[in-house]
Amino acid sequence: MVAIASNKVDTKALFELLGSVCDPEIPVLTLQDLGVLRDISVAGDEIIVTVTPTYAGCPALEVMSADIRTALTEAGFQQVTVKQQLSPAWTTDWMSASGREKLRAYGIAPPATTTCGPQSDRIECPQCGCDEIKVISEFGSTACKALYRCQDCLEPFDYFKCI
Ligand SMILES: [Zn+2]
C-alpha cells in the first residue's frame, strides 16, 4: 500500500492512490480520468477528500465514496470523510484525453471535445468512426449517457453526454 498514516501525510501520494480508483459506472475510467477528485486535505488523523460528482445526484457517487473510503482504509487511514463539492459543477471538459480514448475503446462515444456545441454534429461511432448517427434514446444505460445507432455499421452505442 502506498501510505501509512503518520503525522506527515503525503497528499500527492493520496491523489495518486485515489486517482487510480475506478469509476463504479464505467470501470475502464479512473477518478483521475474523470477529473472528479478536487481536493485531499488532512486534519489531525482525518483525511478529507473532496469530490465533484459528474452530475448532482449521480447514483454512482455513493459507490464512489465507499470505494474511496476502502482505498484509504486499506492504506492505513481510519478516519476518512468524503465531501461533495457541487460548485463549480463538473463538466465533461475535466475528463482527461486518456479518459476519452479509454471510453472510445470501451465502445462508448466520448463527449464531444471542449466546447459543447450541437452534440449531434460531433459524435462519432466508436466502432467505425462514422459520424452518420441517429439518436435512439436520450437516456442510455444510465442518465448520463444517450443511446445512438451508427447509420453505417448499424451498431448501437452509448454516448457520454456533454455537460
Ligand atoms: Zn459505425
Side-chain angles (χ1 to χ4, degrees), residues 1-2 11-40 49-72 74-75 82-163:
M1 284 295 119
V2 176
T11 50
K12 195 166 165 277
L14 294 185
F15 262 105
E16 276 171 28
L17 173 74
L18 296 182
S20 63
V21 170
C22 291
D23 175 53
E25 227 167 60
I26 307 169
V28 291
L29 293 183
T30 63
L31 303 190
Q32 164 77 35
D33 292 326
L34 282 167
V36 296
L37 274 182
R38 305 312 296 162
D39 187 53
I40 298 173
V49 181
T50 308
V51 294
T52 296
T54 48
Y55 67 99
C58 187
L61 186 69
E62 282 303 308
V63 182
M64 197 186 283
S65 303
D67 289 347
I68 287 171
R69 277 193 205 95
T70 303
L72 286 173
E74 284 175 357
V82 180
K83 281 190 186 168
Q84 278 188 56
Q85 183 180 299
L86 297 178
S87 175
W90 183 84
T91 143
T92 35
D93 288 359
W94 294 2
M95 194 182 286
S96 70
S98 67
R100 289 168 201 271
E101 270 320 300
K102 285 186 203 170
L103 267 186
R104 197 191 314 279
Y106 189 58
I108 298 175
T113 46
T114 45
T115 41
C116 303
Q119 297 188 4
S120 55
D121 284 357
R122 302 165 84 165
I123 306 166
E124 288 176 357
C125 167
Q127 311 294 339
C128 70
C130 175
D131 62 0
E132 274 188 55
I133 52 160
K134 197 175 170 201
V135 66
I136 297 173
S137 165
E138 281 300 328
F139 294 95
S141 55
T142 64
C144 32
K145 299 189 211 80
L147 188 63
Y148 281 80
R149 184 191 297 278
C150 175
Q151 300 298 91
D152 191 17
C153 70
L154 303 178
E155 285 293 324
F157 65 90
D158 269 338
Y159 168 62
F160 198 111
K161 285 189 228 172
C162 222
I163 53 172

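Since this is a predicted model, take the numbers as computed values, not measurements. Start at 1 and go down the list; that is how both ligands and their atoms are numbered.
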Query raised in the report: Arg69 versus Val82: any side-chain heavy-atom pair under 4.5 Å?
Result: yes

Query raised in the report: Is it the case that Lys145 places NZ or CZ above or below the six-membered ring of Phe157, under 6.0 angstrom from the centre and within 45 degrees of the axis?
Result: no

Report summary line: Only one of Thr30, Leu14, Val21, Leu18 passes side chain to side chain contact (heavy atoms under 4.5 Å, CB included) with Leu37, and that residue is Leu18

Report summary line: Only one of Thr54, Thr52, Ile26 passes side chain to side chain contact (heavy atoms under 4.5 Å, CB included) with Leu34, and that residue is Thr54

Report task. Would you please say whether a donor-acceptor pair under 3.5 Å links the side chains of Asp33 and Ser98? Result -> yes

Query raised in the report: In terms of ring plane angle, is the pair Tyr159 and Tyr148 parallel, tilted or perpendicular, where the classes change at 30° and 60°?
Result: perpendicular

Query raised in the report: What protein N, O or S atoms come within a distance below 2.8 Å of the Zn ion (ligand 1), ordered by chain and number?
Result: Cys125 SG, Cys128 SG, Cys150 SG, Cys153 SG

